[in-house]
Amino acid sequence: MKTVIVMIVMLILSLQQPGTWNAPKDADKVLNPSLNDPNSVKAGAVLFTKFCVMCHGAKGKGDGAAGISLQPHPGNLLSARIVQSTDGALFWK
């Protein structure tokens, strides 16, 4: 559970970086230690609702009410840049 929280925080921080922030290639080899099962998905949804929705919006598009005034604006978690990133790259960021 702690790993999931750290990964979410790191993802949020990576989306706030100006320009392109690229992880080193060896980060792609790092595997996600959390299982992709219903319990992990449910735990992630709870964390997202509690910590992320306010800025990223309910669907993760970066359109949350609290994020409107932020500069840079919250990133779209559905963007190709994020969707195509490996777990290791997201964790590194």
Side-chain angles (χ1 to χ4, degrees):
M1 182 69 144
K2 185 176 181 180
T3 302
V4 173
I5 294 171
V6 170
M7 291 177 75
I8 290 171
V9 170
M10 298 310 288
L11 174 62
I12 292 167
L13 292 175
S14 75
L15 294 171
Q16 295 175 350
Q17 300 300 316
T20 303
W21 189 29
N22 296 318
K25 279 292 176 196
D26 63 335
D28 291 336
K29 298 175 188 172
V30 176
L31 300 178
N32 186 340
S34 298
L35 297 175
N36 185 9
D37 62 27
N39 290 332
S40 291
V41 172
K42 184 177 179 181
V46 169
L47 292 172
F48 184 82
T49 300
K50 184 173 181 179
F51 296 109
C52 308
V53 166
M54 65 191 92
C55 295
H56 290 281
K59 296 188 178 182
K61 294 182 179 181
D63 59 355
I68 294 171
S69 63
L70 296 176
Q71 286 297 327
H73 293 298
N76 180 349
L77 302 177
L78 304 176
S79 71
R81 179 173 70 99
I82 298 302
V83 172
Q84 295 171 358
S85 295
T86 63
D87 289 346
L90 293 173
F91 181 75
W92 183 87
K93 293 173 185 181

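The basis for the numbers below is simple: all heavy atoms, side chains too, and nothing from hydrogens, waters or symmetry mates.
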Q) Taking side chain as C-beta onward, heavy atoms only, is K25 less than 4.5 Å from D28? A)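 Yes. Closest side-chain heavy atoms under 4.5 Å.
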Q) Are side-chain heavy atoms of D87 and L31 found at a separation under 4.5 Å? A) no
Q: Using side chain to side chain donor-acceptor pair (under 3.5 Å) as the criterion, list what pairs up with T49, not counting sequence neighbours.
A: none
So which heavy atom on [X] is nearest to which on [Y], and how close?
X	Y	result
V83	L77	CG2-O, 4.0 Å
P74	C55	CG-O, 3.4 Å
H73	I68	CE1-O, 2.9 Å
D63	G57	OD1-CA, 3.5 Å

Q. Would you say L90 and V30 are hydrophobically clustered, going by side-chain heavy atoms of ILVMFWY under 4.5 Å?
A. no
(Q) N39: which residues meet the side chain to side chain contact (heavy atoms under 4.5 Å, CB included) condition with it, sequence neighbours left out? (A)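 D37.
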Q: Could you list the residues that satisfy side chain to side chain contact (heavy atoms under 4.5 Å, CB included) with P24, not counting sequence neighbours?
A: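 So P24 forms a side chain to side chain contact (heavy atoms under 4.5 Å, CB included) with D26, A27, W92.
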Q: Report yes or no: does H56 contribute a side-chain atom to a donor-acceptor pair with the main-chain N or O of G75 at less than 3.5 Å?
A: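 Yes, because the side chain of H56 sits within donor-acceptor range (under 3.5 Å) of the backbone of G75.
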